[in-house]
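Computed from heavy atoms alone, side chains included, the values below leave out hydrogens, waters and symmetry copies. So that the names make sense, note that chain A is the first sequence line, chain B the second, and so on, each numbered from 1.
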2 protein chains.
Amino acid sequence: MTASTGPRKVRADARQNLDALLTAARTVFARSGVDAPAREIAAEAGVGVGTLYRHFPNRAELVAAVFTTEIDATAAAAAELLASHPPKDALDLWITRFTRFVATKQGLSAALRSGDPAYDALPALLTGTLGPALTALLDAAAAAGDIRNDVDPLELLQAVGDLSHRAPSPDGSPNPMVRLLLDGLRIR
Amino acid sequence: MTASTGPRKVRADARQNLDALLTAARTVFARSGVDAPAREIAAEAGVGVGTLYRHFPNRAELVAAVFTTEIDATAAAAAELLASHPPKDALDLWITRFTRFVATKQGLSAALRSGDPAYDALPALLTGTLGPALTALLDAAAAAGDIRNDVDPLELLQAVGDLSHRAPSPDGSPNPMVRLLLDGLRIR
DNA sequence: CACTATACGGAACAATGTTCCGCTTAAGCA
DNA sequence: TGCTTAAGCGGAACATTGTTCCGTATAGTG
């Protein structure tokens with residue numbers, strides 16, 4: 001028995017359109033990058049732009065909504081990796097995964113650092129859910145004496161994002177510059 | 001006696017307008033960032049947009065023209081630093097200088113990696129003149145056994161640019177993430 | 001089945017990069 | 001010095017985009 005608070009039920013067509021928009025956005029982002037025109041997404045969803053903006057106050061919110069699931073999964077992976085690998089390996093593996101996530105989303109990296117207020121929601125999403133995950137990894141590796149402990153997780157997260165625009169190499173090996181950055185972290 | 005090849009001399013007002021545009025662009029870029037509207041730059045120069053586009057085929061060319069001097073100076077600094085410092089120090093100092101240059105130009109870093117074809121001229125300018133400078137520094141430091149020698153200078157240049165968007169700290173100390181990257185380079 | 005709040009579509013608006021073109025004027029020449 | 005003419009100019013006009021607005025359609029509710 002749901003509370004009697006709701007004045008009305010959400011319209012069925014509204015829910016459908018919302019789903020259609022998310023699906024369309026996923027498709028279009030993959031095809032044309034995160035900067036794809038709103039009209040293109042609306043068209044792909046078979047919906048007017050007005051409907052798009054009714055469901056998402058602006059592009060950034062839509063982008064955020066589309067990637068939330070994947071970001072949450074990435075965050076969750078940190079704990080799993082930590083449970084099944086030595087701290088340093090867990091950190092490396094997780095960073096590689098994060099790198100691949102960013103590199104895979106055309107234009108995400110650029111959007112993240114664009115400074116364009118239209119994309120304000122993205123950094124918040126990333127730091128909010130990935131920040132704690134990375135912090136856990138860094139703490140564990142630092143406790144094991146593998147890496148220095150004077151690095152701000154959020155800064156590192158941002159930095160790795162900055163370096164992750166190149167398409168990932170087919171063999172799955174991480175971006176060489178990210179590797180360099182991680183080497184800088186290591187205590188030798 | 002100049003050659004008789006020139007069908008006509010460049011008009012005096014054209015040359016003046018070009019100077020005015022460069023000056024105006026420098027001013028506006030400093031005030032509003034590299035993404036400032038073309039109209040704003042034209043207005044600041046007291047000139048129509050048509051004139052702007054007559055002198056520069058697109059925004060990127062204008063941006064490139066404005067920064068060429070400074071970029072050339074930065075490239076030249078490499079040789080000087082190499083002559084007056086141990087290789088490793090020269091490298092550090094130069095990177096710091098480059099970092100400050102990028103960080104100082106609002107939006108330059110974003111423009112560089114935007115992938116927007118409108119800015120294609122910028123990476124070419126940077127890699128073209130700064131690439132050789134950095135190569136010389138890396139070669140010297142590698143020869144001295146200070147750093148690994150398996151790093152692509154252009155990739156490193158790009159990476160440092162990617163990490164240099166934050167405003168430089170007032171004390172002139174380099175970006176911590178750039179520092180980390182350089183630590184990764186070092187042979188310990 | 002009627003009523004109404006919700007949601008919709010898409011025209012309209014604003015900002016921006018870039019192109020076009022009729023008018024102006026500096027250079028070259030007599 | 002005055003003419004001719006091509007170089008150069010200004011800014012309106014066009015195309016693309018993000019976002020807002022509003023008259024119309026309709027799902028939920030009683």
Side-chain angles (χ1 to χ4, degrees), chain A residues 2 4-22 24-25 28-29 32-65 107 110-111 114-122, chain B residues 2-22 24-25 28-29 32-64 107 110-111 114-122:
Chain A
T2 50
S4 58
T5 326
R8 239 184 212 227
K9 213 198 293 183
V10 182
R11 274 221 226 166
D13 56 345
R15 171 117 257 124
Q16 275 184 356
N17 282 332
L18 195 154
D19 287 351
L21 278 167
L22 283 173
V28 173
F29 287 164
S32 318
V34 166
D35 291 324
R39 284 166 178 71
E40 185 178 341
I41 297 163
E44 172 85 25
V47 149
V49 264
T51 299
L52 189 163
Y53 279 93
R54 163 173 321 279
H55 289 291
F56 305 95
N58 55 48
R59 298 176 40 70
E61 294 291 341
L62 174 56
V63 174
S114 66
D116 188 330
Y119 284 117
D120 275 356
L122 293 183
Chain B
T2 51
S4 57
T5 325
R8 237 183 215 230
K9 212 198 293 183
V10 182
R11 274 221 228 165
D13 57 344
R15 170 119 257 124
Q16 274 184 358
N17 282 333
L18 196 156
D19 286 352
L21 278 167
L22 283 172
V28 172
F29 286 165
S32 317
V34 165
D35 292 323
R39 283 164 178 70
E40 185 178 341
I41 296 163
E44 173 84 24
V47 147
V49 263
T51 300
L52 190 163
Y53 280 94
R54 162 173 322 279
H55 289 291
F56 306 94
N58 55 46
R59 299 176 41 68
E61 293 291 341
L62 174 57
V63 173
S114 66
D116 187 332
Y119 285 116
D120 275 356
L122 292 183

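Contact detail for B/A25 and B/L62: the closest heavy-atom pair is CB-CD1, 3.9 Å. Shown here for B/E40 and B/S32, the closest heavy-atom pair between the two residues is OE2-OG, 3.2 Å. What you find for A/A20 and A/A45 is that their closest heavy atoms are O-CB, 3.7 Å.
Atom-to-atom, CG of A/D35 to P of D/dT19 comes out at 12 Å; the value is rounded to the nearest Å. As a whole-Å value, the separation of A/L52 CG from D/dT17 P is 15 Å. Taking atom CG of residue B/D19 and atom C1' of nucleotide D/dC9, one finds them 17 Å apart after rounding to whole Å. For the pair B/Y119 OH and C/dT18 C1', the computed distance is 14 Å after rounding to whole Å.
Of the residues in residues 38-48 of chain B, those placing a heavy atom less than 4.0 Å from an atom of DNA chain C are B/A38, B/R39, in numerical order. At a non-hydrogen distance threshold of 4.0 Å, B/N58, B/R59 from residues 55-64 of chain B come into contact with DNA chain C.
Residue B/Y53 places no side-chain N or O under 4.0 Å from the OP1 or OP2 atom of C/dT19. Proximity of A/T51 to the phosphate of C/dG9: a side-chain N or O atom is located under 4.0 Å from OP1 or OP2.
Where B/G50 and B/P37 meet DNA chain C, the nucleotide closest to each residue was compared, and B/P37 sits on the side nearer the 5' end.
Here the CG-CZ distance, from B/D35 to B/F29, works out to 9.0 Å after rounding to the nearest 0.5 Å. Rounded to the nearest 0.5 Å, atoms CZ (A/R15) and NZ (A/K9) are 12.0 Å apart. Remark: B/L52 CG to B/R39 CZ distance equals 11.0 Å, nearest 0.5 Å. Here CG of A/L22 is found 10.5 Å from CD1 of A/I41. Values are rounded to the nearest 0.5 Å. The CG atom of B/N17 lies 10.0 Å from the CZ atom of B/R11; values are rounded to the nearest 0.5 Å.
Between A/F56 and A/L21 the shortest side-chain heavy-atom distance falls below 4.5 Å. Residues A/Y53 and A/E61 are not in side-chain contact: their nearest non-hydrogen atoms beyond the backbone lie 4.5 Å or more apart.
Within the 3.5 Å criterion, the main-chain N or O of A/V34 finds a donor-acceptor partner in the side chain of A/R59.
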Requested in this report: Produce a footprint string for nucleotides 22-30 of chain D: one letter per nucleotide, 5' end first; B if the base is under 4.0 Å from any protein heavy atom, S if only the sugar-phosphate is, - if neither.
Outcome: ---BBSBS-
